[in-house]
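To start, the structure itself, in structure tokens.
Remember, it's a predicted structure, so these values are computed and weren't measured experimentally. The chains referred to below are lettered A, B, ... by the order of the sequence lines, with proteins before strands, and numbering in each begins at 1.
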Amino acid sequence: MSKGLPKRSEDYSLWYNELVKKADMAENSPVRGCMIIKPYGYSIWEKMQATLDKMFKDTGHQNAYFPLFIPKSYLSKEAKHVDGFAKECAVVTHYRLKASDDGQDVVVDPDAKLEEPLIVRPTSETVIWNSYKNWIQSYRDLPLLINQWANVVRWEMRTRLFLRTSEFLWQEGHTAHATKNEALRETEQMNNIYARFAEEFMAVPVIKGAKTASERFAGAEETYCIEALMQDGKALQAGTSHFLGQNFAKAFDVKFTNKEGKLDLVWGTSWGVSTRLIGALIMAHSDDEGLVLPPKLAPIQVVIVPIFKSDEQLEAISAKVHAIREKLLAKGISVKYDDRDTFKPGWKFAEYELKGVPVRLAIGPRDLENKTVEVARRDTKEKQVVNLDTLEDFIPSLLEDIQSNIYQKALTFRQENTREVDTYEDFKIVLDEKGGFVSAHWDGTAETEEKIKEETKATIRCIPFGGGTPGKCMVTGASSAQRVIFARAY
RNA sequence: CGGGAUGUAGCGCAGUCCGGUAGCGUACUUGCAUGGGGUGCAAGGGGUCGUCGGUUCAAAUCCGGCCAUCCCGACCA
């Protein structure tokens with residue numbers, strides 16, 4: 001582990017990349033655009049998974065698993081859907097290799113060509129709706145509320161660790177409903193769950209809203225989303241929830257008999273969040289020293305570092321530490337005691353800061369004498385000496401304090417970097433000089449949206465829920481029902 | 001697919017202009033000291049110089065092809 005991270009303020013991209021690698025979260029795989037998620041990065045994902053999975057199950061969803069391969073013909077059944085994904089699909093055309101003529105290599109066996117190419121799923125609507133056709137006959141089979149944890153492949157031209165990789169891990173929920181309203185409520189409910197997860201667990205404030213038609217999921221009638229602001233002033237789409245209307249039901253002929261005995265098409269939704277959330281977590285809180293993890297998602301919440309010279313000292317310290325550890329574990333706090341003598345205390349301090357461990361305890365001979373322990377918090381880097389007797393009450397409240405402090409910090413940052421503008425001139429200036437979210441009036445047309453994107457690289461991140469006051473479009477002067485959120489985005 | 005750059009030890013790089021037989025930092029191994037913020041000193045191990053070909057007495061270095069990676073664009077539910 002080499003020391004030193006590039007400065008966040010000097011080169012945000014480099015800082016991010018190095019941080020991901022040095023904190024031992026992930027690295028590039030031999031296949032371009034894919035990534036290897038290392039145990040530390042994966043353990044954060046596992047925490048996210050566990051939390052989200054519980055939220056899904058609490059709202060009546062069940063997990064299932066569908067195949068990785070999608071026959072090409074499935075994908076083409078929904079016209080808009082295939083349009084949206086066709087350009088980034090990995091395609092399997094053969095099922096066998098053979099030795100090359102000179103025996104030095106293996107080549108694709110031309111005799112092993114598949115009758116129909118298989119697409120490595122970029123998303124699973126098509127395979128899943130193909131099954132739903134068989135699973136749904138009556139209104140009694142509805143609603144069908146299914147989620148799957150899986151990997152998907154989208155062959156992006158340009159990739160970034162966690163934020164956009166060719167292969168990524170995610171959950172995708174796919175539900176079927178008897179009525180339009182119920183499906184709409186589901187779409188909204190899941191978007192709310194994502195927002196709650198982002199804010200309460202990731203400590204990342206998000207704006208909930210609807211996508212414009214051009215930013216919608218391919219095949220959806222409405223896409224809701226949560227949008228977060230990163231520390232470099234760029235926006236990141238953190239989760240999406242789609243109202244699919246009856247589009248996939250039509251494409252896959254999924255009909256049910258309603259209470260009146262009449263055939264009707266079912267209404268669908270789909271929603272997902274991915275390992276991109278880990279990227280959001282990193283970019284939202286971390287600093288020049290490394291990761292800053294919210295206690296609720298940190299794989300290690302408290303690390304204890306002993307300071308010792310001799311084996312006798314270590315033994316005495318360890319006895320104390322074990323008692324502390326037991327007490328904290330009993331309160332459901334994850335504690336790591338790093339008593340390795342192969343690394344020095346200073347090295348360990350830097351290492352756990354890099355990895356974003358929220359609280360560090362250091363205990364040495366001096367503390368044994370005074371019955372104290374040094375407590376350092378990662379978010380503010382403040383250190384204080386705490387009496388051993390009060391520690392078990394102090395730590396849980398400190399963890400809560402850190403959780404809310406980093407949320408507040410991120411919220412303040414977003415508020416300071418969200419600006420209302422009324423003219424296109426100001427819009428361009430703010431975007432270039434400050435970045436962040438820009439709240440402005442837009443006439444609602446795809447043409448204006450496209451023109452702005454073309455000229456400024458800013459996209460409409462969302463049309464925030466909750467409405468707002470009407471006004472005039474900053475570009476065309478036409479009337480606008482409410483302000484929308486623009487930003488340059490990842 | 002266009003524009004730019006890079007490929008030398010696990011990682012980060014110098015050496016290339018001006019050809020002469022492989023170097024620095026870090027990491028690793030060993031020893032001694034050290035230990036409350038990335039410890040110091042000493043010794044040691046580790047290299048098809050991306051790849052294929054050409055020029056030359058001699059190529060990491062010059063020339064050509066290929067491959068790969070990164071950055072900028074195009075692309076990005």
Side-chain angles (χ1 to χ4, degrees), chain A residues 1-6 11 13-14 17-18 21-22 24 27-33 75 78 80-89 121-126 152-161 163-166 168 170 172 211-225 236-237 239-244 270-274 276 289-290 305-311 313-314 317 339-355 360-370 372-376 381 383 385 453-454 457 459 488-490:
Chain A
M1 185 67 52
S2 60
K3 55 182 157 181
L5 206 57
D11 188 335
S13 293
L14 188 66
N17 257 312
E18 291 291 304
K21 288 174 189 163
K22 288 199 166 134
D24 223 21
E27 62 190 33
N28 286 313
S29 92
V31 176
R32 190 199 154 279
L75 209 68
E78 216 290 333
K80 281 186 185 152
H81 188 67
V82 70
D83 264 4
F85 285 103
K87 281 179 282 185
E88 52 188 50
C89 285
R121 61 177 167 222
T123 179
S124 303
E125 274 77 3
T126 53
V152 289
V153 168
R154 296 181 189 177
W155 214 261
E156 306 286 358
M157 307 233 136
R158 186 115 144 259
T159 60
R160 276 193 115 189
L161 291 168
L163 297 178
R164 180 173 292 109
T165 46
S166 297
F168 55 91
W170 76 344
E172 46 180 328
K211 286 289 184 193
T212 61
S214 69
E215 297 273 331
R216 241 172 240 155
F217 176 72
E221 304 221 319
E222 191 76 76
T223 289
Y224 298 157
C225 64
L236 184 74
Q237 177 176 299
T240 45
S241 182
H242 316 290
F243 169 63
L244 303 175
S270 68
W271 27 274
V273 293
S274 70
R276 169 180 262 204
E289 267 65 53
V305 177
I307 308 216
F308 61 97
K309 287 183 190 165
S310 62
D311 286 351
Q313 274 181 346
L314 177 60
I317 292 165
D339 61 350
R340 289 178 295 176
D341 62 358
T342 45
F343 293 96
K344 305 194 37 163
W347 190 92
K348 291 176 186 172
F349 291 173
E351 176 71 5
Y352 291 110
E353 268 165 19
L354 183 61
K355 290 197 165 178
R360 182 189 71 232
L361 306 182
I363 178 160
R366 199 194 298 159
D367 295 300
L368 286 188
E369 246 175 66
N370 304 335
T372 57
V373 56
E374 183 191 81
V375 179
K381 298 202 206 79
K383 287 194 270 197
V385 176
K453 183 178 176 182
E454 191 75 20
K457 294 191 194 298
T459 48
R488 292 192 178 129
Y490 278 102

Record whether the side chain of D367(A) comes under 3.5 Å of the base of G36(B) through a donor-acceptor pair of N or O atoms. yes

When you look at T123(A) and E172(A), which way does the side-chain contact (heavy atoms from CB on, under 4.5 Å) test go after all the steps? CA-CA 8 Å; T123(A) 179; E172(A) 46 180 328; 3.6 Å; yes

Determine which nucleotide pairs with A33(B), using a 3.5 Å limit on both distances of a Watson-Crick or G-U wobble pair. U39(B)

Scanning all shown strands, the Watson-Crick or wobble mate of U56(B) with both distances under 3.5 Å is none

Once you round it to whole Å, what is the distance between P of G36(B) and CZ of F308(A)? 11 Å

Separation of A77(B) P from W155(A) CH2 (nearest whole Å): 18 Å

Can you tell me how far apart CG (L314(A)) and CZ (R340(A)) are? Round to the nearest 0.5 Å. 13.0 Å

d(CG, L161(A); C1', C70(B)) in whole Å: 12 Å

Give P365(A) one of three labels, base, sugar-phosphate or nothing, depending on what nucleic acid heavy atoms sit under 4.0 Å from its own. base

Base-pairing assignment for A14(B) (Watson-Crick or G-U wobble, both under 3.5 Å): none

Over how many whole Å does the gap from F349(A) atom CZ to G36(B) atom P extend? 8 Å

Identify, between G346(A) and T159(A), the residue whose nearest nucleotide on RNA chain B lies closer to the 5' end. G346(A)

Sub-3.5 Å pairs of nitrogen or oxygen atoms, protein against nucleotides 6-10 of chain B:
none

For Y490(A) and R276(A), work out which heavy atoms get closest and say how close. O-NH2, 4.0 Å

Atom CZ in F217(A), atom CZ in F243(A): separation rounded to 0.5 Å? 14.0 Å

Looking at every strand, decide which applies to Q237(A) at a 4.0 Å heavy-atom threshold: base, sugar-phosphate, or nothing. base

Taking it one step at a time, do E125(A) and H81(A) satisfy side-chain contact (heavy atoms from CB on, under 4.5 Å)? CA-CA 9 Å; E125(A) 274 77 3; H81(A) 188 67; 4.0 Å; yes

Test salt bridge (Lys or Arg N to Asp or Glu O under 4.0 Å) on E353(A) and R360(A); report intermediate values, then the result. CA-CA 9 Å; E353(A) 268 165 19; R360(A) 182 189 71 232; 3.3 Å; yes

Here the pair of heavy atoms bringing P122(A) nearest to C89(A) is CG-SG, 4.0 Å

Considering only atom P, compute the distance from C24(B) to U6(B) and round it to an integer number of Å. 24 Å

Figure out the CD/C1' separation between E18(A) and U26(B), and round it to whole Å. 14 Å

Write down the distance separating the C1' atoms in G45(B) and G38(B), rounded off to the nearest Å. 25 Å

Given that P345(A) and G219(A) both sit by RNA chain B, which one's nearest nucleotide is further toward the 5' end? P345(A)

Do the non-hydrogen side-chain atoms of K309(A) and P365(A) ever get within less than 4.5 Å of each other? no

Less than 4.5 Å apart, any side-chain heavy atom of D341(A) and any of F308(A)? yes

Grab the NZ-C1' distance between K22(A) and C11(B) for me, whole Å please. 9 Å

In whole angstrom, give the distance that lies between atom CD of E27(A) and atom P of C70(B). 13 Å

Taking every non-hydrogen atom, the tightest pair across E222(A) and K211(A): OE2-O, 4.1 Å

How far does the C1' atom of A22(B) sit from the matching atom of A9(B), given to the nearest Å? 10 Å

What verdict does the side-chain contact (heavy atoms from CB on, under 4.5 Å) test give for I307(A) and R366(A), after you've listed the backbone C-alpha separation in whole Å, the side-chain angles of each residue and the deciding distance to 0.1 Å? CA-CA 9 Å; I307(A) 308 216; R366(A) 199 194 298 159; over 6 Å; no

Using the P atom on both, measure A43(B) against U26(B) and round to a whole Å. 14 Å

From CZ of R340(A) across to P of G38(B) the rounded distance in Å is 16 Å

As its Watson-Crick or G-U partner within any shown strand, both distances under 3.5 Å, C28(B) has G44(B)

Where the side chain of E353(A) is concerned, which of G38(B), G37(B), G36(B) is the nearest nucleotide? G37(B)

Is a side-chain donor or acceptor of E156(A) paired with a backbone partner of R158(A) at a separation under 3.5 angstrom? no

Considering only the C1' atoms, how many Å lie between A14(B) and G47(B), rounded to the nearest integer? 15 Å

Taking the same atom, C1', in G46(B) and in C11(B), what whole-Å distance lies between them? 14 Å

Check nucleotides 28-34 of chain B for protein N or O atoms closer than 3.5 Å to its own N or O atoms and list the pairs.
| from | atom 1 | to | atom 2 | distance (Å) |
| --- | --- | --- | --- | --- |
| U34(B) | O2 | K344(A) | NZ | 3.3 |

Select base, sugar-phosphate, or nothing to describe what A362(A) touches, counting heavy atoms under 4.0 Å on all strands. base

Using the P atom as the reference point in each nucleotide, state the distance between A74(B) and G37(B) in Å, no decimals. 49 Å

What does C70(B) pair with, Watson-Crick or G-U, if both distances are under 3.5 Å? G4(B)

Describe, in one word, how the ring planes of W347(A) and F343(A) are oriented to each other, choosing from parallel (under 30°), tilted (30 to 60°) and perpendicular (over 60°). parallel

Across every strand shown, the nucleotide meeting Watson-Crick or G-U wobble geometry with U51(B) (both distances under 3.5 Å) is G65(B)

Using the C1' atom on both, measure C71(B) against C63(B) and round to a whole Å. 27 Å

Looking at the side chain of E351(A), which of C71(B), G38(B), A77(B) is the nearest nucleotide? G38(B)

Let's go through L368(A) and Q313(A) carefully: what are the C-alpha distance in whole Å and the side-chain angles of both, what is the deciding distance for side-chain contact (heavy atoms from CB on, under 4.5 Å) to 0.1 Å, and is it a yes or a no? CA-CA 10 Å; L368(A) 286 188; Q313(A) 274 181 346; over 6 Å; no

Atom pairs under 3.5 Å: protein N/O with N/O of nucleotides 74-76 of chain B:
| from | atom 1 | to | atom 2 | distance (Å) |
| --- | --- | --- | --- | --- |
| C76(B) | O2' | E156(A) | OE2 | 3.4 |
| C76(B) | O2 | R164(A) | NE | 2.9 |
| C76(B) | O2 | R164(A) | NH1 | 2.7 |
| C76(B) | O2 | R164(A) | NH2 | 2.5 |

